[in-house]
Number of protein chains: 10
Amino acid sequence: VAPELIFMAQMQVRLPLDLDPSDLERLKQSERERAQEIMRAGKWPHLWRVAGRYANVSIFDVDSVDELHDLISSLPMFSHMDITITPLATHPTALIP
Amino acid sequence: VAPELIFMAQMQVRLPLDLDPSDLERLKQSERERAQEIMRAGKWPHLWRVAGRYANVSIFDVDSVDELHDLISSLPMFSHMDITITPLATHPTALIP
Amino acid sequence: VAPELIFMAQMQVRLPLDLDPSDLERLKQSERERAQEIMRAGKWPHLWRVAGRYANVSIFDVDSVDELHDLISSLPMFSHMDITITPLATHPTALIP
Amino acid sequence: VAPELIFMAQMQVRLPLDLDPSDLERLKQSERERAQEIMRAGKWPHLWRVAGRYANVSIFDVDSVDELHDLISSLPMFSHMDITITPLATHPTALIP
Amino acid sequence: VAPELIFMAQMQVRLPLDLDPSDLERLKQSERERAQEIMRAGKWPHLWRVAGRYANVSIFDVDSVDELHDLISSLPMFSHMDITITPLATHPTALIP
Amino acid sequence: VAPELIFMAQMQVRLPLDLDPSDLERLKQSERERAQEIMRAGKWPHLWRVAGRYANVSIFDVDSVDELHDLISSLPMFSHMDITITPLATHPTALIP
Amino acid sequence: VAPELIFMAQMQVRLPLDLDPSDLERLKQSERERAQEIMRAGKWPHLWRVAGRYANVSIFDVDSVDELHDLISSLPMFSHMDITITPLATHPTALIP
Amino acid sequence: VAPELIFMAQMQVRLPLDLDPSDLERLKQSERERAQEIMRAGKWPHLWRVAGRYANVSIFDVDSVDELHDLISSLPMFSHMDITITPLATHPTALIP
Amino acid sequence: VAPELIFMAQMQVRLPLDLDPSDLERLKQSERERAQEIMRAGKWPHLWRVAGRYANVSIFDVDSVDELHDLISSLPMFSHMDITITPLATHPTALIP
Amino acid sequence: VAPELIFMAQMQVRLPLDLDPSDLERLKQSERERAQEIMRAGKWPHLWRVAGRYANVSIFDVDSVDELHDLISSLPMFSHMDITITPLATHPTALIP
């Protein structure tokens, strides 16, 4: 089997301030649905809200960098987010590798 | 019960370059032991190595900010690390809260 | 009792420049009302204006990170502010812990 | 009476790594004593530890900028700290001015 | 008498590019008038243009931080400026304190 | 077969200025040997010098993030370099995927 | 023959959020065509997508800095990109110069 | 005679993306004419394009800082540029002072 | 007469921490003497201490950029300071040009 | 003939503070000699001192990026300098291309 590929993504949402409230609600709803689809496929094992910001810290578990990019760029809010990716390796001190 | 308190810590190690190799080995060994002690207590559920750097991404699960500071400052390498803390809240989209 | 949870929030307001003056007044008024509601609940013990800027330094005293995020994101100006959160621990030198 | 003068100081300690342990202990002890002296004089009403860092967030209440500088530069660790000062004004929303 | 309170303000103007030329002229004129009012009151002893930028370096001499904030936020261009404040103390080397 | 994993590494060397010239020569020689070993294994297909700096831009082609970290941290100069890693995906416009 | 001139270009696309979808599609299509024209001329040997961002890492191989600027500024998205150029020299350790 | 006054100006153009093409052409044409007027007066001896950016590096030779500011702020694109000024002194190593 | 040339210098002192106390005292004394010499010559009309830092804000009034550099680099602490220079022009709103 | 290749180099010198004065003088002297050798070869047409800093702005005119790197890294102070390189293209507005 291919080895595990773990990446941290830090996503900061920057929505246009003049978005129509119902368009905004629809966008958030479709974002939620697509995100949960990726989570149910086991590709997005952790998702936390950064306190006080419209931002999150995410852990992705993928088969390739191409898959990572395809998943993230499939999010409906992709063009409204500043995203930073950090590749993570196994830490020798971790109890569960 | 008190609510869960989750924090991300990003730690960058900056060791003095003139450290004696056996002192360095001892420091790394004691760091590993103290870290695993905290992990076994269930306070440090995730630890990843940042690829290409002497750095890590950690998730802490604590009872208070004081406990978070006490745990991190008890690490033998504490005075050799640049550390940034990000408080994490539950994300409404996460499948498992 | 759960331990005290203290966070500093630094909030910089960035209002759209083309906001209608009466909408702006309404927004400021509702912001003021919601903020004082949180203050009267004892959750926001300190609030200072940063001199020369439309910005503030705030101290929050909450029961959880989730509560901190819920309070701050309930502010009517939330989507118009850049916010940074710093978790604060007890300082051993402080006379009143 | 002169109006209140409130300043936030953010202090990051950067101690030399090769400090002798007993010199370090003496330095910390004299820092603690001088800080508490300033606190007892009512000039340093708040002091918090920044979680995960050898740093603090402080509120000073002084009679002049000269007094602020004199107090801070009288700290034994002054030459080992990066310090940023933010002048704070009364916020119109604060319940207790 | 209360001691002197000196602050440096660095102001960078960022005007919306689509401002109507006559509105812009009116805004600049009212800015000039309010600024000179503050200067004539002796509160703004120095004002320089930063060469090559729509920016200035200013020295304010005020009775309190609240007064400093009130003066600066009374400028008609206040919401179009990025402003940084630096509190200044007497320098022991200066010939005229 | 596992998909290709491509990463850009940007490495800035910061050698201690008081290194003995013959130690420095030995360090550079062992760095060169280890680097070429990795290149001959096909894991480091591109290496360029950043003009005017003791720095490089590198492309790595690895089987896992763990392998990437192991290769880079096996370089004799690892503890003397600031390294940033950027995960690279296939670009849809590239003629040769 | 003139020596090889290699430059890394890091391009971050920042499209206006209110672009009409069919205009956006046309812009992307013309960008793709012009880019491939430059690639087929042998001037743009490498192009990678930065994972998680609408950005790329590119290697250009040109005859002059003027040619580099002419090629990049001929891209239809040129005015929508933040671009950083790094001149690359031959690295003495590289196996294939 | 007054001594030579040399300044480097680094100018980054940031044009609004919705500018009408003919207005843009007119703006560029008037910018070119005013710039060449200043050059012919001997006040702007060097002008280079920063490769890959809508930016330039310029050397100005003026009689005063006021003249420098007047020349730069007379450029039709002045309000669309981020400009940084660096004062340059004679270098003792330069062959031609 | 040559026009006035006004520059702001922001100087941050960074002394080596292991300086001998009597050497430090001698350095500070010679710095003070040279600074006052420049002040008495009318070249350094303003000098303020930045509150809470070993730093100053200075205004220089010189005949040329070369003179500015010669004065600043003649300070005994020159090699221990990070210095930023901002050229200042007359502001049209200033009451006293 | 090969086209002109023009690069701006911005060099900031950071000398170790404990350098022996006669070693420092020798280093400066050899730096001056090597720099003038490059200038006399026509490769370094402009060199200015950044006012108030131990730094310079340089223009290089070379045949290749490799030559640029070889010239700069041949300077005796190379390992004591932070250097940034900016490739410069012909500006269409410049009177003398």
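Model, not experiment: these values are computed from the prediction. Letters A, B, ... mirror the listed sequences (proteins, then strands); counts begin at 1.
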A.B. asks: Quick check on the interface: out of H:I85, H:T84, H:I72, H:I83, who has the most heavy-atom pairs with chain E under 4.5 Å?
C.D. replies: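 It is H:I83.
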A.B. asks: State whether a side-chain donor-acceptor pair under 3.5 Å links H:S58 with H:N56.
C.D. replies: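 Result is yes, a qualifying pair exists.
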A.B. asks: Does a side-chain N-to-carboxylate-O contact under 4.0 Å join H:K28 and H:E25?
C.D. replies: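 The answer is no: the pair does not qualify as a salt bridge.
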A.B. asks: What part of E:V50 lies closer than 4.5 angstrom to a heavy atom of chain H: side chain, backbone, both or neither?
C.D. replies: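 Contact with chain H is through the backbone of E:V50 alone.
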A.B. asks: Please report the shortest heavy-atom distance between H:W44 and H:M39, naming the atom on each side.
C.D. replies: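 Heavy atoms of H:W44 and H:M39 come nearest at O-CG, 3.6 Å.
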A.B. asks: Give a yes or no on whether a salt bridge exists between E:K43 and E:D63, defined as a side-chain N under 4.0 angstrom from a carboxylate O.
C.D. replies: yes
A.B. asks: With a 4.5 Å cut-off on heavy-atom pairs, point out which of H:F60, H:F7, H:F78 contacts chain E the most.
C.D. replies: H:F78
